[in-house]
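Proteins come first, then strands; the chains are lettered A, B, ... in the order of their sequence lines, and each starts at number 1.
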Amino acid sequence: MPRGDRWRFGLFLLLFVPAAIMGNPLLLLLSLLPVVQYYLISLLRPPQDILVRGEGRRWDIWTGDKVKVERKLIVREGRGPMYLRLDAPDRTKVVSGGGSRVLWKGREPLEVSLDREIAFPRRGMYHIGSAKLTIVPIFGDEGRTEQRLGQDDHILVHDRKLEVIRLREGRTISRLPLPSRGVGAFGPESTDFRDIRKYASGDRFRSINWKATARAGGGGSLPLVNQYEVEGRLIVIIMMDDGPLMAEEAKGRTALEHGVNAAQILSDLYLGSDCDVGLYAFSGRSFVSPAAGRRQGTMISRQLLELEVTNVQGDIAGAIGAFPDHLRSGPLIIMVTSLSEKNLGLLERGLRDLKRHMRIEGQVHIINVVRESTGVPPDIEEPAAELRHLVKQTGVRRLTSLGARVVDWNPSTEPFRKFLLEKFIGRG
Amino acid sequence: MRIGSIPESTPPVELGPLPQLLPATVALYLSASSLTINKSYQELRLLAFPPQTSGLIDLILLATCLIVITIALLDRSRILHIYHLAAILFVPSVLGRSMVDWPSVLGIEGGLALFSSPLSDLEVLVVGCILVGTFLLHRHTEQSLSDRRLLISLGSSRKEADDVTVHVLLIVMVNILVSALIIVLIHLTLTAFVPVLRELFGAQPGLALPLGLLAMIAVVILTKRLIEGRPP
């Protein structure tokens, strides 16, 4: 028995029992008051014949776009209060409408607009549109019914990309930073002489340089072989930081969002320039071995789409295990990160390990996504910011001394296109 | 605005205790008034104190009522105590209408006549209906206000929550009023029918009353079926 009915029944008994014992007609009539009230309550019908009008649509939009989800609630029968909850998925912003609503269905049919405008600052797949309706009984606190009404809209949010074709026009492609050796270590050998080295298992006998071996002398040691340049493609490895520092916001989006956007554009740009492009997330959770072609572009896009911020700051040295051979050939490494005194040390160590592993020294470009928040109270913000700046500058100098080029990108003040043309390519 | 959730809502503003305190005070006043004209109260006045200070018991009654109201005014959860006090004060008025004289059986001198009152049956019934009705209203108001707080804390706008609360309370009030009117109507009908039924069943009031009630219930069911368009 619901609680509301329980106390009503209790009141009836409280009056009825003494009335029966004492044969009191007035008390007997009074005991009927809760019973009559209960009877009248049962005649009231709660809201029913409810529908939410509006078809579930499919949207294909860019990050930052807004979608207007149009729905209409119609209640034809019954009377009473209704509680409506229009939830928005995580990582979205309700611009207008939405939230929770409590409605009263009176004698007339009720029609309510449930239109919502929602902004999507992050990429991903979202389902939105249905409403959770709770019918609250007028009397008593139990007997609430809940139902989900309406169809969901399916919204696929993509990251915005630059028009790569336009970027490839003119002198842009010739100014792109490329690996210093020009070619990678994979592919058939050309006739261009590169070096003489000791014989290794698997080398062709035809490549043994007998004259050089004889000149070197040292009986019993391995013969020397000629090494030729290979006709491979340029290798570019994009390393994407997915550590906790990338969760901080800049211009309404996280540093990771900006970084993913940048990585996507760079990957398209280098793939369009016939390079082998690979991807490595600092956490090591996702990586794509360097390769060329449209399929590779799709694979990188998918990995970037699924990239999430992790709790642990990853170590870039993990990339050695992911693609050791490609790294040995001295590829162009582009790191997209957000430099801070918290990750500079780890980055420096990782960079040293990478350099040690590389047989041929490759170029390392670090794109530093500048974050807005400092995370300190305003009264100590300035001294703290100065201290941070000093520590950061020292760390950056150490990275530069290791041969890395650090380029700052502030998404709040400059779009990536501008950064790419003026800073990244411009001086590269 | 928070990301990924409902918009921020203002904290719920509590209503004052007056909407609940007023019906409770009315019920207490009527109960106390019905008590003061009861014979048992008059007897108590004369017995407890010398005639010169008999007004003291009125003061004690008044002070008790005021203290309970003040406590309820300061702490809304104590409003229920007003109803408890009103019910206690109303007991002598109802007891006087009993058919079985238990006080005489228990050897109390005077018996039920001790609780006689100049009020008519209808007047006592109306006071009783007000007492029970306001108590029911109090319980429903508590429930509605609790729902209102919950709705606002869940993110509903205050305007919408207030609108719904007002509608609910109006329906509850009408419901209780109609229920009380039905009870009064039953009483009036029985008052009119009982002499007739008594004549029919050989002057047996004990039998006439339940029969009258059964007749009333039959009439209600019949009317409902006719309204619904079903055969009686």
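Remark: A:Leu26 CG to B:Asp121 CG distance equals 5.0 Å, nearest 0.5 Å. Distance OG/B:Ser179 to CG/A:Leu40: 4.5 Å, rounded to 0.5 Å.
Interface remark: of the candidates B:Ile171, B:Ile182, B:Ile186, B:Ile171 forms the most heavy-atom pairs closer than 4.5 Å to chain A. Of the listed residues (B:Val168, B:Asp101, B:Leu112, B:Leu169), the one with the most heavy-atom contacts under 4.5 Å to chain A is B:Val168. Chain B forms more heavy-atom pairs under 4.5 Å with one residue of A:Leu103, A:Val35, A:Leu33 than with any other, namely A:Leu33.
Residue contact with chain B, scored on non-hydrogen atoms closer than 4.5 Å, is absent for A:Ile118. Residue A:Leu84: no heavy atom, backbone or side chain, is found under 4.5 Å from chain B. In this structure, no portion of B:Leu177 lies under 4.5 Å from any heavy atom of chain A. Heavy atoms closer than 4.5 Å to chain A are found in both the backbone and the side chain of B:Leu95.
In terms of heavy atoms, B:Ile183 sits closest to A:Leu29 at CD1-O, 3.4 Å. When all heavy atoms of A:Asn24 and B:Ser98 are compared, the closest pair comes out as ND2-OG, 3.0 Å. The two residues A:Pro25 and B:Arg97 make their nearest non-hydrogen contact at CD-O, 3.6 Å.
Checked by atom type and distance alone, the side chain of B:Glu160 pairs as donor or acceptor with a backbone atom of A:Val102 at under 3.5 Å. Side chain of B:Trp102 to backbone of A:Ile21: a donor-acceptor contact under 3.5 angstrom is found.
Within a 6.0 Å radius of CG in A:Asn311, no more than 12 heavy atoms belonging to other residues, nucleotides or ligands are found. In this structure, A:Phe12 places its CZ atom where more than 12 heavy-atom neighbours from other residues, nucleotides or ligands lie under 6.0 Å away.
At least one side-chain heavy atom of B:Leu136 sits less than 4.5 Å from a side-chain heavy atom of A:Leu11. Between A:Met82 and B:Val164 the shortest side-chain heavy-atom distance does not fall below 4.5 Å. Looking only at side-chain heavy atoms (C-beta outward), A:Leu30 and B:Phe90 come within less than 4.5 Å of each other.
Classified by interplanar angle (parallel below 30°, tilted 30° to 60°, perpendicular above 60°), the ring pair B:His167/A:Trp104 is parallel.
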